[in-house]
Amino acid sequence: MKKILFILMALAGALTVQAEEYAYLTFETTDGAKVSVDVSSLTLTISGNTLTTGSQTFTLSNLSKMYFSNSNETTDIEEITTATLDEAADIYDLQGYKVTKEQMRRGVYIVKTKSKTYKMIVK
Amino acid sequence: MKRTFLYIVALVLTIAATAQTLNVKVGSVIYQFPAAQTGEMTYSDSETVTIMGRTFSLSDIDVMTVDEASVTDNEVTVSYDGSSASVTVAGNVAQYVTPTISGAHVSILQTNIGSVDDDEITYVLSGTTTDGEFALDGSYKCTISLAGVTLMNPSGPTINISNKKRIQISAKNGTVNTLTDGADANESWKGCIYSKGQIQLQGKGSLTVNGNTKHAIKSGDYITVKNLTLTVKSTAGDGISCNKYFAMNSGDITISADDDGIQCDLEDDDAVTGESTDHEDENSGNIYIQGGTLNISTSAVGSKGVKAAGTLYINETSATTVITVTNSGGVDTSDASDLVASACLKSDKAIDISAGTLTLTNSGQGGRAINSDGTLTISGGNIIAQAQGTNYGSSGGQGGFRPGGWGGGSSSSSHKYAKGVKADGNITITGGIINIYSKSHEGLESKGTITISSGQVYVQANDDAINAASHITVSGGYVCGYSTGNDGLDSNGNMYIKGGLVYAICSGSPEVALDANTEGGYKLYVDGGTIIAIGGLEGGSSLSQSCYSANSWSKNTWYALTVGSDTFAFKTPSSGGSGIVVSGYSQPTLKSGVTVSSGNSIFDGMGYTDAGISGGSMVSLSSYSGGGGFGPGGGGGFPGGWH
């Protein structure tokens with residue numbers, strides 16, 4: 001009986017190591033942004049140039065990698081609309097020059113509104 | 001304690017059930033990646049994703065899911081279901097395994113050239129199909145685990161391995177597996193199971209292989225068998241055919257073959273070797289039966305139950321060995337200039353039997369129970385060898401007396417004689433219990449010498465019971481040569497009786513019980529041992545040990561010969577040569593009509609050593625100087641055969 005108990009305990013230990021639980025599957029895009037999605041009963045489908053999982057859709061050309069993670073690693077990305085830009089008090093490029101929204105070309109900008117400051121990438 | 005035990009069991013079950021797996025489905029193949037092993041999975045140019053070294057074209061992926069499926073590392077499962085098949089591939093070997101599926105025909109390309117995570121890849125086959133196969137190419141060894149699979153392929157092998165490395169085919173414990181190929185008149189494939197490389201057959205399940213085109217199981221390299229319960233039916237070729245060597249260590253094999261039961265050839269492309277340590281790089285053509293139960297029946301002309309291009313070794317180094325072979329094939333006359341006799345056991349080189357229980361029966365015309373093109377060595381075992389067929393190309397009998405005491409001689413190009421045990425080389429017997437019966441010709445024959453130093457040898461034959469083209473030497477053991485049509489023991493060189501016990505019976509004048517080639521300048525030398533010779537000794541013998549004779553004997557009667565304190569009881573035949581000669585290390589006494597109450601039975605019940613006897617009457621013995629004539633002998637009539 002002792003021997004069986006020992007074997008079971010060893011087995012349990014081994015399986016514990018193997019069976020690490022992950023809560024998320026995290027996607028990272030080429031710009032470094034991350035989106036973590038809940039892995040429970042997760043289904044990923046690919047159609048054309050998009051990968052869809054639940055409510056998330058990724059453009060394949062933007063995807064860099066994915067990996068299982070224990071925490072939600074979603075970066076602080078919020079959707080910016082034209083209305084957001086209209087509310088912008090100031091827009092700066094990375095050199096610190098102030099620009100207008102009409103002057104924005106491909107690149108990274110700092111957009112300040114009354115309520116928040118965004119880092120914005122124009123493609 | 002019980003509660004703790006239950007907790008742990010529950011914990012184990014819970015943990016086992018909660019493993020996370022990323023499944024990548026590509027057609028009928030699912031690659032299963034344990035979440036804990038995946039690490040970073042990289043996308044590239046919106047074209048591919050690479051997971052654990054396996055790069056998938058994104059356009060090929062049907063769907064990816066994450067679930068709780070458990071994955072066994074190094075395992076690939078193949079499930080057959082009617083006209084389709086599905087495959088799962090464990091993530092850690094996904095980069096090395098590319099399955100192609102067409103209906104239920106599964107073809108695997110395996111690209112690893114070494115172990116993966118210190119192990120080989122295992123393919124687990126299950127399910128049923130009437131039109132499917134498992135094909136594999138690669139360059140590293142692997143295991144095929146049969147987990148309850150019924151596989152039929154009407155147009156090719158069921159398992160077809162192009163990989164030249166070692167393939168282990170293992171029937172999982174308790175499973176029943178059946179493989180059947182179709183019949184193809186063009187013989188487009190070589191076996192129901194075919195592998196270019198080595199095959200290790202094992203497992204504690206059962207496997208039935210039905211070969212209908214060529215061989216049932218064919219390897220271009222060696223084959224070994226361990227544990228497996230294997231049933232082989234071949235309607236068109238050999239049951240098991242391989243090159244280099246064959247080894248059976250244990251298990252239970254039943255073979256019904258149209259051609260040879262088990263055949264091992266040399267590999268022509270490699271240098272020929274002898275037996276090597278652990279059979280490393282061995283190309284000997286040897287067959288090693290070292291344990292297990294082997295039942296073989298063959299029926300084709302010229303077929304062999306077991307046929308080795310090298311040496312056939314039978315022993316019990318791994319487990320108890322039981323071999324039963326029946327052959328009804330008869331003579332292969334397809335080449336009139338080279339007739340081929342059938343045999344239960346055949347070697348092109350040598351046969352060496354040191355243990356095991358062997359029952360060998362050849363009922364085919366001109367057939368042999370044991371046939372060695374080289375030497376035959378028997379040092380142990382319990383052997384029954386029977387040649388029940390008639391001679392091919394003769395009237396069926398032994399052909400009568402040959403001047404000079406010739407025995408049956410070799411089979412000419414137009415004849416094949418049915419013989420119990422035949423060797424072209426020397427025969428050496430140092431142990432074992434051997435019973436040989438030959439209905440039509442010689443029982444135990446050597447084209448060289450016969451040397452017996454121990455064991456029990458009983459031979460009953462219609463021609464010479466024991467015949468050697470050269471010398472015969474008996475220095476120990478118990479030897480009975482009982483001929484119903486010629487000499488008991490016939491040497492075409494000298495015959496030396498130095499020890500042991502020899503009971504020889506000839507059919508009648510002009511044959512003798514112990515015959516040496518006096519006409520050729522050779523002699524019978526009696527220098528020791530205990531001798532009973534019904535029909536007398538060759539004339540001109542050298543008898544350094546005194547011999548004694550009686551002019552007559554009674555048929556079917558128990559006699560007792562006592563030498564010193566040793567009594568040997570023997571039963572006389574229903575017919576035989578006239579007169580009886582006896583000899584021992586001291587002057588023997590002979591009693592007729594005794595009742596045997598105890599002793600050790602030998603010679604298939606015709607003799608008792610250490611016999612306890614009662615009754616009987618003393619037989620008057622006279623000194624015998626050799627070659628003296630006797631009056632008419634015992635009764636006539638052919639005995640009833642093997643008993």
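Chain identifiers are assigned alphabetically (A, B, ...) following the order of the sequence lines, protein sequences preceding nucleic acid strands; residue numbering begins at 1 within each chain.
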Peer 1: Given that the side chain runs from C-beta out, which part of S64(A) has a heavy atom under 4.5 Å from chain B: side chain, backbone, both or neither?
Peer 2: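 Answer is backbone: N, CA, C or O of S64(A) sit under 4.5 Å from chain B.
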Peer 1: Please check if the distance between the ring centroids of F134(B) and Y123(B) is under 6.0 Å.
Peer 2: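 F134(B) vs Y123(B): aromatic centres under 6.0 Å.
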Peer 1: Can you see whether N74(B) engages D117(B) through a side-chain donor-acceptor pair at a distance of less than 3.5 angstrom?
Peer 2: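 Short answer, no.
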Peer 1: Side-chain polar contacts of residues 42-55 of chain A - donor-acceptor pairs under 3.5 angstrom, sequence neighbours left out - could you list them?
Peer 2:
residue, atom, partner, partner atom, Å
T50(A), OG1, S47(A), O, 2.9
T53(A), OG1, T43(A), O, 3.4

Peer 1: Relative to chain A, which segment of T38(B) carries a heavy atom at a distance below 4.5 Å: side chain, backbone, both, or neither?
Peer 2: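 For T38(B), the side chain is the part near chain A, not the backbone.
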Peer 1: By a 4.5 Å heavy-atom criterion (distance strictly below it), what part of F27(A) contacts chain B: side chain, backbone, both, or neither?
Peer 2: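 It is the side chain, since no backbone atom gets that close.
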Peer 1: Looking at every heavy atom in both N177(B) and A147(B), which two are closest together, and how far apart are they?
Peer 2: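 What the structure gives for the nearest pair is OD1-N, 3.7 Å.
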